Structures are given as structure tokens and as C-alpha cells.
*Asks:* 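Below is a structure I'd like to ask you about.
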Number of protein chains: 2
Amino acid sequence: MSQTVDRALSILPLLAQGPADLGQVAERLGVHKSTALRLLRTLHEHGLVHRQQDQRYRLGARLFALAQEAVENLDVREIAHPYLAALNEQIGHTIHLAVYEEGEVLYIDKVESRYPVRMYSRIGKPVAITVAAVAKLLLADLPEPERRAVAAKLDYPPYTPRSTPNAAAFLKELATVREQGWATDLGGHEESINCVGAPIRGADGRVVAAMSVSAPNVVVTAEELLTLLPLVRRTADDISREYSGTTPTKEASA
Amino acid sequence: MSQTVDRALSILPLLAQGPADLGQVAERLGVHKSTALRLLRTLHEHGLVHRQQDQRYRLGARLFALAQEAVENLDVREIAHPYLAALNEQIGHTIHLAVYEEGEVLYIDKVESRYPVRMYSRIGKPVAITVAAVAKLLLADLPEPERRAVAAKLDYPPYTPRSTPNAAAFLKELATVREQGWATDLGGHEESINCVGAPIRGADGRVVAAMSVSAPNVVVTAEELLTLLPLVRRTADDISREYSGTTPTKEASA
DNA sequence: GTCCAGCGTTGCAGCAACTGCAACGGTCAT
DNA sequence: ATGACCGTTGCAGTTGCTGCAACGCTGGAC
């Protein structure tokens, strides 16, 4: 929409392919050298472009700083909440959002069920890490050594007969979860409660958070809950898209 | 130099601090709303800016992709990483790699005590330039006039009582560092954290990057950390050798 | 040592593109 | 239902961007 800015920004992906000198930039932009020079100078002043000793231009380090700062100020919870609320509006069950931090999995958001029966959980409270669907999702994406280290250090309390019994079983479960891209907890924490969950990913593809839908047996059976899985996964993907800043331009978003 | 582009680029650091709506952007830019809108639209078309559901703007995925590509073009990082990982394996502490660019010192790689972290963790963050060991190493090697200019322009925040107090002290410290070929930060940034660092040099002998090992007092004392210095220097020298020996660059374009 | 070629840089005249205004339509809260 | 607010649009004025042409510098050829 703005010609000048449009041209200037077109320089960035061009330089991303490798360093280029003024003439090359001008040619590939289809503008006069002096025009390219002025654009490059402006980019340079903002640190987005760096000039190396041989006078060629390449992408500048401030790009890192910007990306870094942006990520630090990104709040998954804030972005996810409207989606969670909408999903809750649609299906009615309790919805959780959790993150992994320093060997723990913590709930950071929760939208209560509309039904009278509620499960006990609290925002900020550590999750039952060996059984919860969100915990499986988050741990499944850890780098292999850390995943093993965490799994080895955990206790495996037998909340119910279906609870994860030990580290070996847990790691196997994590492999399955990583493979299929979703997770469940079918009565592993409390006999009568089932959950299905899906991961939320950042721009680099890493799992930054996980969400789950929980419902007691008396309201929906495990099979019925599983029919919600596509919806849950789609919601998680929507959140991922929003979180990572992927722009769905020109594409009909399903 | 180019007003339009200058304004457009000024939006980026503004949005890095957090999402903002059209009115806020226009106000902080000092332009009319319609002008800000056109700039934001252009940034949006290039994917640098993302519009979230509440219509506010934040930085977009393309920026992260560009930052990623830019960091991959820094071949020091690729060469150094295996060495950093190996050293981390051996001594366990956190290891940083940093470069100097345009008056700033930036971390471009980091190996955590426990596991390797990719781009979006801490990397890209500007270093506490007046106290960090890597910053001293990089600035110590600048040509004299530039070194003085940079030192004069810096702030000298008193993070701790041991922080570098002013430009004169800083320049003196840089002279020492240049002389001895290594640097430390003993509680100058955070009371309980010490670092030792060494320079990585290119074929021409100039410092192209710097690495450091950091550890909290509670784990190792400053004296113990200093016993690692020969190891750190040897690693840095190994990296320097490989970096200056290979020289695969400069021919990669077209 | 001289000349030529190539590149980055600068000042300027012309005008294309950007700016800001004012008015419109939508949403939300009162 | 009403009003306030925000994003959006079309337009006239003119700002500031564009491309030209000329200059200085560097490096290579002879």
C-alpha cells in the first residue's frame, strides 16, 4: 500500500538469502541505485541491516533483539483465553491451559464447566504431572535428555488403577503423544474424570502450552469426549496460529 | 533518511513491547491515524506485523523467520556451537557466545547448564555491555576511536557495587582485557554471578566473537571459576583456529 | 605511473506518492 | 435507542520521494 515502505521491506527477504551489494539490491528491486541506497540507509539506521567490511549489506542483529523482545512480551494466556472461552461456550466442559516450567507443569488458565459438577483444580497449581493430558503434551516436546531426566525424577503416585505406574510407561506414553499430536487422561487422576488435550505451538514449532477439555463420566463417556478431539485440536491450532503471528492472508482459513 | 520508511520501521520496536491498536501507534508515531494505518498495512502485507483478533497489532511470524535466517548466516555461530556444547558437557555451566554490532553486544548462542536452547530463549538479547565479560572482550578489540566513542555514549548502570562505574574505568578495564587476552565479570551484573570469557579471532587476528562461562557463587566460587580459565581460553582458541582456517565465505552469492 | 572501469555517493528538478482532513459505518456500553 | 469510539475510505494539497547526471574513490590492466 505504501510504495516506499513496500520497496524497503522487500529488501529484507532479499538479504536473507545472503549478503548483497548496492547494485544487486537496486537491480532486484527494479529501482535506481540512489533510491536503493536511501532505503538501505534507512534500514541501516534502524539496525535491521548491517554493512560488512566489504560494504555489502546483510541482515542486522537488531532483528534478533526485536524477535526476542516480542517473544518475551507474548502472553499465551492472554491470546488463548478468548478461544478457550469460545470453546467452553460451545461444548460446556471445563477447559484448562497449562505451561511447563522448571520441571513442573502449571495451570495458567481455566474456564469452568457450565455443568454443576466441577473438578478441583486451581490456576497456578502444579498439575498431576504423570497423568494429566496437558502434562503429557508439554513433556513430550522436551529435548530428549531433559525429558528422560524429568521422567526419572518424578514420583508416580497411584491415584487410580489407570495412573501411569512408572518412568518407563510414562516415556512410552510420551512417545505416543508426540507421535499422534494429542493426549488423553482417561481416569488416570480421578476415576470418574476424563480429559483430552492438544498442544499449542510457537513460531519455531515448539510446544509452548497445552490445553485440555475435562469432563466427568456421569456427564459424558470417554468415547463421547473423544469425539470432541477434532474440535479441541482445531482450537489449539487456531491459538498456535495467533500466537506465532502467522498471517492467513489470501487463504481461506478452513 | 527516508521519512516514510523511517516511520514504518519505528513501529517495530514499538510493537515489540507489546500489542498496540491503531490509535496508540499513530499517537506514538506522531502522525495521523490514516497514515499509521497505511504503514501498518504495508508491514502487515510483508508479514512483519500480525493483526490479532481484537484488531490490535503485534509483530508477525515473518520477523521471526527473518531473524532465524539472519542468525543462520552468522557462520561463527555454526562453527562455535559444537565446541560450546562440548565444553558445557565437560564443566556443566552456562556458556554464552556474543558478537559486537553497531554499538551493541548481542548474545547469538547459549548452552544452558542442562540442555541446549534454541533461538527464542534468551538469544538476541542485548548484553549488559558495561559489565559482561563478553562485552569487554569485544569492545577491547575495537579500533581506538570507535572504542572511545562507544564508551563515551554508554550508560553505566550500577547493577551492583562492583559494576563498572564510568567510561574512564571502563576504558581502563578494556585495556587490561586487551593486554591479558581474557576477561571476567565478578558480580558486576548480578551479585551472585561470576563469568570468565575469552575472545574468538578471525584470520586477521581481529576479535569476531566472544564466549564466556557463567556460574552462580553458590555452585562455584570466583576462584574456582578462574581455574577453568585455561580450558575456556583453549576452547576459544580451538574455535578461532577452525573459524579462521576454513574460510568458506565470500563466494556464496549469485 | 597512467588510464579506464566500476561502485558508492551527492545535489537537484520534477512530479508521483504520501499526508492529513473530514466523513462514513461498525461495535460496544450506557 | 443513543452516543461515543475506533477503524476505514476518498480526496485535494503538497511533501518528500524518485531518477538523472555528475563526482570521487578504488582497484586492475597495461
Side-chain angles (χ1 to χ4, degrees), chain A residues 1-12 14-15 17-60 78-79 81-83 85-86 89 242 245 247-250 253, chain B residues 1-12 14-15 17-60 102 143 204 249-254:
Chain A
M1 281 261 139
S2 167
Q3 190 193 55
T4 317
V5 178
D6 185 49
R7 285 171 171 170
L9 297 183
S10 299
I11 293 177
L12 297 178
L14 197 154
L15 291 185
Q17 297 168 10
D21 61 33
L22 179 61
Q24 293 168 337
V25 172
E27 187 191 7
R28 301 202 47 180
L29 271 182
V31 298
H32 195 270
K33 280 188 304 178
S34 59
T35 303
L37 179 67
R38 217 161 334 101
L39 298 177
L40 280 165
R41 276 226 256 258
T42 310
L43 290 168
H44 180 88
E45 278 182 7
H46 285 259
L48 299 184
V49 147
H50 175 68
R51 195 149 201 200
Q52 34 189 43
Q53 292 86 341
D54 60 2
Q55 287 199 325
R56 292 191 305 169
Y57 295 92
R58 47 156 255 245
L59 293 184
E78 190 184 336
I79 289 171
H81 191 81
Y83 293 89
E89 191 71 22
E242 173 94 31
T247 308
T249 42
K250 306 171 198 166
S253 50
Chain B
M1 283 277 158
S2 166
Q3 189 193 58
T4 317
V5 178
D6 185 48
R7 285 172 169 170
L9 297 183
S10 300
I11 293 177
L12 297 179
L14 197 153
L15 291 185
Q17 296 169 10
D21 62 33
L22 178 62
Q24 293 168 337
V25 172
E27 187 190 6
R28 300 205 45 183
L29 235 55
V31 299
H32 195 270
K33 278 189 305 178
S34 58
T35 303
L37 179 67
R38 216 165 319 106
L39 298 177
L40 281 166
R41 275 225 257 259
T42 310
L43 290 168
H44 181 84
E45 277 182 8
H46 285 259
L48 297 182
V49 147
H50 174 68
R51 191 148 203 199
Q52 35 187 46
Q53 287 196 324
D54 59 1
Q55 288 199 325
R56 291 190 305 168
Y57 296 92
R58 46 158 283 234
L59 294 186
E102 315 270 343
D204 55 359
T249 43
K250 310 281 186 182
E251 232 80 76
S253 60

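These figures come from a predicted structure and were not determined experimentally. A note on names: the letters A, B, ... follow the listed sequences, proteins ahead of strands, and every chain is numbered from 1. For the numbers below, each heavy atom of this structure counts, side chains included, while hydrogens, waters and symmetry mates do not.
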*Asks:* Is any side-chain N of the basic residue among B:R58 and A:E78 closer than 4.0 Å to the acidic one's carboxylate O?
*Replies:* no

*Asks:* Can you name the nearest heavy-atom pair linking B:L15 to B:Y57, along with the distance?
*Replies:* CD2-O, 3.6 Å

*Asks:* Sugar-phosphate atoms are those with a prime plus P, OP1 and OP2; base atoms are the rest. Using that split, label each nucleotide of nucleotides 15-20 of chain C B, S or - for protein heavy atoms under 4.0 Å, 5' to 3'.
*Replies:* --SSBB

*Asks:* Taking all atoms of both residues into account, what is the closest heavy-atom pair of B:L43 and B:A8, and its distance?
*Replies:* CD1-O, 3.6 Å

*Asks:* Hey, where does DNA chain D pair up into stems, meaning at least three consecutive Watson-Crick or G-U pairs with distances under 3.5 Å?
*Replies:* C:1-30 with D:1-30

*Asks:* Measure CZ/A:R41 against P/C:dG8 and give the value in whole Å, please.
*Replies:*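 Result: 12 Å.
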
*Asks:* Using atom types as modelled and distance alone, determine if a side-chain donor or acceptor of A:Q24 lies under 3.5 Å from a backbone N or O of A:D21.
*Replies:*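 Flag set: sc A:Q24 to bb A:D21 pair under 3.5 Å.
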
*Asks:* For a 4.0 angstrom threshold against heavy atoms of chain B, report the outermost contacting nucleotides of DNA chain D in 5' to 3' order.
*Replies:* D:dG7 to D:dC17

*Asks:* Ignoring hydrogens, what is the shortest heavy-atom contact between A:L59 and A:L12? Give both atom names and the distance.
*Replies:* CD2-O, 3.6 Å

*Asks:* Given the rule in the side-chain contact (heavy atoms from CB on, under 4.5 Å) test, do A:V25 and A:L39 qualify, once you have shown the distances and angles that lead to the verdict?
*Replies:* CA-CA 10 Å; A:V25 172; A:L39 298 177; over 6 Å; no

*Asks:* Can you check the A:R51 CZ to C:dG8 P distance for me, whole Å?
*Replies:* 7 Å

*Asks:* Should B:D6 and A:H46 be marked as a side-chain contact (heavy atoms from CB on, under 4.5 Å) after you check the CA-CA gap, both sets of side-chain angles, and the distance that decides it?
*Replies:* CA-CA 8 Å; B:D6 185 48; A:H46 285 259; 2.5 Å; yes

*Asks:* Closest heavy-atom contact between A:H50 and A:H44?
*Replies:* CA-ND1, 4.4 Å

*Asks:* So does A:T4 get a backbone contact from the side chain of B:T4, meaning a donor-acceptor N/O pair under 3.5 Å?
*Replies:* no

*Asks:* Quick one: closest heavy-atom pair of A:L40 and A:I11, and the distance?
*Replies:* CD2-CG2, 3.9 Å

